[in-house]
There are 2 protein chains.
Amino acid sequence: MPSQSRPPLHSELIYQTALELIQSQGLEKLSMRLLASKLGVDPMAIYHHIPNKAALLNGLYNNILEELFLLPIPDDAPWQTQLKNLVDNFRALALRYPSIFPSLLSSSTVLYNKQKALNLLLGVVRKTGLPDQAVVQASDAVFALVTGFIFLELGGLEAAKVHTGTEFLSTQSNPDFGHIEDLAQVLQSNQFKASFDFGFDAIVQGLEAMLKSAQ
Amino acid sequence: MPSQSRPPLHSELIYQTALELIQSQGLEKLSMRLLASKLGVDPMAIYHHIPNKAALLNGLYNNILEELFLLPIPDDAPWQTQLKNLVDNFRALALRYPSIFPSLLSSSTVLYNKQKALNLLLGVVRKTGLPDQAVVQASDAVFALVTGFIFLELGGLEAAKVHTGTEFLSTQSNPDFGHIEDLAQVLQSNQFKASFDFGFDAIVQGLEAMLKSAQ
DNA sequence: ACCTGAACACCGTTCAAGT
DNA sequence: ACCTGAACACCGTTCAAGT
């Protein structure tokens, strides 16, 4: 008779609880059994609402990406601004869900909302008026840069360690890490935002140069 | 008495067998128990040579990255060429180990050889003579771009599907994917190499512009 | 020194049964 | 219609025992 003290199970509640579990305990801790116990339910009850764990994760991925479409991009602004807005929104979304975003990006299942996001990106880059080939190349490059930085940044403390590399430098100087030692001060400051902007601006300027030479 | 028909277990043999298993069956199929059975050994025998599964994976990651240091980069070439060589070597390495490289890149454990690779990259970018801040930003950007493209490309067939997006376009036109439809021809050709070169050249030109304005 | 086997504490998922 | 519980086929890892 626990059913009288508990609201009926619905997939919304399952998704929400799963996301809380992931954000608080980490993705690797998510199991159908632990999730069920957090819901106060038999492990198998979940399977009446969601077919399996893979579907649960895909649902979570789509839900998260959904938020990207709620953030407006000014339609009258120049394409440079729109593009910057879009990638900043994407980065912000990643930082809001740090324990699930890397696996969302790595996931090779085709997500409806991943497609929709790609479509959004292509739409903005098309506003340059450049030929299709250039549009696709630039979109790919922007997407790769953004996702690469998300992985870099969400490595989090670990990424910071990779950067400073103090573990392997403890006692004496190691020629394998000479440059890391020399640049330690700058590396330790971890200015990913500045590095990202450097890469983004380079790509935008590349596009502008193409526009100029096409005139 | 199977021991007489089998060479004694050594960590090299374990690593090699694990890598074969991953390359043929996929990373998700790697288990200590399956690995042991492939080695013709009790599951627990492995633990006498390698402390646990995480250590096994880290060992594999380091072994793979080791190959990067075998590929020579011409020390007398201009930095642009050296940088291109380095990133091409890295991409080639990723393509040689497609089923393990994404997890190598996602791994937040600090790998000795990941540091060494970063050091290599920093060393080449320093040859520009630009200030430390710029060197670190450009290195970050190049690293993000390269890793982002590796994820894009190693999504493999799945990535191709995301690109073409045919699953969601089957019957009628969907406004969510209008740009994908329009650009389907170019997207389907999947010219990641060209897209990567576009991004890479943009960053190199960004660095060259900084050099010019510093003169 | 090296390998084995039972055991522990977990997984995801199926299926027949209960209410 | 919805939930339960036993069961199956797996995991990684510990530990005492064997050779």
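Below, read A as the first sequence line, B as the second, and so on, with proteins coming before strands; counting in each chain starts at 1. Predicted model only: the values in this text are computed from it and were never measured.
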Check every atom of C:dC3, C:dC11, D:dC3 against the side chain of A:A45 and return the nucleotide holding the closest atom. D:dC3
Could you give the CG-to-P distance, from B:L34 to C:dC11, as a whole number of Å? 21 Å
From CG of B:N52 over to P of D:dC15, roughly how many Å is that when rounded to an integer? 14 Å
If I pick the P atom on C:dA9 and the same atom on D:dC10, what distance separates them, to the nearest angstrom? 22 Å
Mind calculating the distance between CD1 (A:I46) and C1' (D:dA1) to the nearest angstrom? 18 Å
Whole angstrom is fine here: how far is it from OH in A:Y47 over to C1' in D:dG5? 15 Å
5′-ward residue of the pair A:H48/A:R33 relative to DNA chain D: A:H48
Closer than 4.0 Å, any side-chain N/O of A:H49 to the OP1 or OP2 of D:dC3? yes
Any side-chain donor near an acceptor of the partner, A:N174 and B:Y112, under 3.5 Å: yes
Here the distance between atom P of D:dG12 and atom NZ of B:K29, to the nearest Å, is 12 Å
Does D:dG18 pair with anything, Watson-Crick or G-U wobble, both distances under 3.5 Å, and if so, with which nucleotide? C:dC2
N-O pairing of B:D75 and B:K127 below 4.0 Å: yes
Rounded to the nearest 0.5 Å, what separates atom CG in B:D42 from atom OH in B:Y47? 11.0 Å
A:D42 CG to C:dT14 P, in whole Å, measures 15 Å
Whole-Å distance separating the CG atom of A:L39 from the C1' atom of D:dC3: 13 Å
Flag this pair as yes if the NZ/CZ of A:K84 is under 6.0 angstrom from the six-membered ring centre of A:F200 and inside a 45 degree cone about the axis; otherwise no. yes
Quick one: label A:H10 by what it contacts on the DNA or RNA (base, sugar-phosphate, nothing), any heavy atom closer than 4.0 Å. nothing
In the structure shown, which nucleotide is the Watson-Crick or G-U wobble counterpart of C:dC11, with both distances under 3.5 Å? none
Within the structure shown, what part of the strands sits under 4.0 Å from B:M44 by heavy-atom distance: base, sugar-phosphate, or nothing? base
Would you kindly give the CE-to-P distance between B:M32 and D:dC10, to the nearest whole Å? 18 Å
How long is the straight-line distance from CG of A:N63 back to CG of A:L19, given to the nearest 0.5 Å? 8.5 Å
